[in-house]
Amino acid sequence: MVMAWGVALWSLATFLTPWAAETSLWALLSMRALLGVAEGVALPCMNNMVARWFPPTERARAVGIAMAGFQLGSAIGLMLSPILMCRAGILGPFVIFGLSGFLWVLVWISAISSTPDQNPQISKYELEYVLKERQEPLVVEKVPRTTVIPPFRRLLSKMPTWSLIVANAMHSWGFFVILSWMPIYFNSVYHVELRQAAWFSAVPWSVMAVMGYFGGLWSDGLIRGGTSITFTRKMMQSISFIGPGIALIGLTSARSASVASAWLTLAVGLKSFSHSGFLVNLQEIAPQYSGVLHGMSNTAGTLAAIVGTVGAGFFVELVGSFQGFLLLTSVLYFMAALFYILFSTGKRVNFEETSSAE
């Protein structure tokens with residue numbers, strides 16, 4: 001229900017954005033704020049439900065499939081928005097995307113439950129399989145009922161939590177810098193028209209959606225084959241950070257739009273291995289707090305996205321080179337990879353005490 005309310009509210013905010021823009025600046029800012037607040041529940045809810053519905057050997061694929069919608073939504077939005085605005089005016093994307101969200105909510109409410117045992121549509125075989133393959137009881141049974149306030153201090157006292165926070169921050173930095181600035185980058189550096197530049201920027205997100213699933217398939221296969229969860233998560237996250245870091249260096253030296261698009265596609269495609277890295281790791285170190293941990297790390301990710309997106313503009317204005325900002329992002333990728341390798345773990349972390357015991 002939290003997910004349903006979130007989608008309903010951000011769909012309403014999207015639908016009302018043109019009206020708000022015509023009314024006043026404050027009305028527009030209010031709709032954008034409502035959009036951001038409502039969207040904030042999406043990924044924590046997704047991660048929490050994956051922890052409840054999927055055994056450990058299937059979670060990376062589940063997250064990969066779910067996140068594929070994230071990337072495909074970015075690609076579809078980038079490609080459709082210019083077309084809709086040309087045919088239906090500036091209102092087109094807001095009305096169509098908003099109404100699509102309301103339709104999704106109806107399907108979600110009619111088909112989904114919070115846990116497998118609450119779902120009237122699940123077969124007896126599937127329910128028994130999910131419960132048998134789980135290595136812990138249903139998450140909802142493990143959450144302490146003595147307080148509604150999560151133990152933020154205890155969560156922040158462990159370095160694995162900080163590895164997730166840093167990973168989410170860097171993932172969001174790169175994601176939103178690329179999403180926001182690449183059309184302008186292709187337009188200013190390679191003189192590609194903005195409508196065509198949207199296509200250049202949309203293709204990498206489609207590749208990311210596909211790569212995310214195969215990364216999850218590989219990750220789950222490694223774990224089933226006996227590779228430790230800790231090593232698997234560190235390897236996947238290293239690919240997700242070191243790969244894009246190298247690709248962005250290649251992007252800065254590209255001489256043509258097609259070569260630059262190839263480097264960008266490689267960078268974004270390899271970023272999808274984060275789905276099998278820190279995103280699944282959130283569920284493993286503390287299934288009972290996976291939604292809370294995701295919310296905390298998402299806060300850091302959102303702040304990093306704001307700083308990266310706005311900072312890119314100031315950086316280019318001061319230095320006069322977007323390539324320099326891409327190189328800075330590469331360095332940050334390498335540093336975040338090292339931090340995650342040093343402090344992450346795939347084992348359950350004891351958050352019930354502030355000592356370092358796990």
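Note that the structure is a prediction, hence the values are computed from the model and not measured.
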Have a look at Val268 and tell me which of Thr265, Leu270, Leu266, Leu264 forms a side chain to side chain contact (heavy atoms under 4.5 Å, CB included) with it.
-> Leu264
[X]: side chain to side chain donor-acceptor pair (under 3.5 Å) partners, not counting sequence neighbours:
X	result
Thr252	none
Ser256	Ser258
Ser272	none

Which pairs would a plain distance check flag for residues 298-308, meaning a side-chain donor or acceptor within less than 3.5 Å of a matching protein atom at least two apart in sequence or in another chain?
{"residue": "Asn298", "atom": "OD1", "partner": "Asn168", "partner atom": "ND2", "Å": "3.0"}
{"residue": "Thr299", "atom": "OG1", "partner": "Gly295", "partner atom": "O", "Å": "3.0"}
{"residue": "Thr302", "atom": "OG1", "partner": "Asn298", "partner atom": "O", "Å": "2.8"}

Return the set of residues passing ring pair (Phe, Tyr, Trp, His ring centres under 6.0 Å) with Phe343 (not counting sequence neighbours), or none when no residue passes.
-> Phe339
Mutual orientation of the aromatic rings belonging to Tyr125 and Tyr129 [parallel < 30°, tilted 30-60°, perpendicular > 60°] = parallel
Would you call the rings of His275 and His171 parallel, tilted or perpendicular if under 30° counts as parallel and over 60° as perpendicular?
-> perpendicular
Check the pair Met296 / Leu156 against side chain to side chain contact (heavy atoms under 4.5 Å, CB included), numbers first and verdict last.
-> CA-CA 9 Å; Met296 292 168 60; Leu156 292 172; 3.4 Å; yes
Under the side-chain hydrogen bond (donor to acceptor under 3.5 Å, both in side chains) definition, can you give me all pairs with a residue in [range], not counting sequence neighbours?
range	result
residues 238-249	Ser240-Ser274
residues 218-227	Arg61-Asp220, Ser219-Arg233
residues 324-334	Trp173-Thr329, Lys271-Tyr333

Not counting sequence neighbours, which residues clear side chain to side chain contact (heavy atoms under 4.5 Å, CB included) with Ile112? List them please.
-> Met49, Trp108
Could you go through the side chain to side chain contact (heavy atoms under 4.5 Å, CB included) check for Thr161 and Leu164 one step at a time?
-> CA-CA 5 Å; Thr161 299; Leu164 296 173; 5.6 Å; no
So does Phe102 have more than 12 non-hydrogen atoms from other groups sitting under 6.0 Å from CZ?
-> yes
In the structure I gave you, are the side-chain heavy atoms of [X] and [Y] within less than 4.5 Å of one another anywhere?
X	Y	answer
Trp26	Leu29	yes
Asn119	Trp53	yes
Thr232	Ile229	no

Apart from Met1 itself, members of its ILVMFWY cluster (side-chain separation under 4.5 Å) are Trp5
How would you list all residue pairs meeting salt bridge (Lys or Arg N to Asp or Glu O under 4.0 Å) that involve residues 28-38, not counting sequence neighbours?
-> none
Verify side-chain hydrogen bond (donor to acceptor under 3.5 Å, both in side chains) between Tyr340 and Asn281, making sure each step is shown before the conclusion.
-> CA-CA 11 Å; Tyr340 190 85; Asn281 198 205; 3.0 Å; yes
Show me the side-chain donor-acceptor pairs of residues 10-23 shorter than 3.5 Å, one per line, residues at least two apart or across chains.
{"residue": "Ser11", "atom": "OG", "partner": "Val7", "partner atom": "O", "Å": "2.7"}
{"residue": "Thr14", "atom": "OG1", "partner": "Trp10", "partner atom": "O", "Å": "2.8"}
{"residue": "Thr17", "atom": "OG1", "partner": "Ala13", "partner atom": "O", "Å": "2.6"}
{"residue": "Thr23", "atom": "OG1", "partner": "Trp19", "partner atom": "O", "Å": "2.8"}

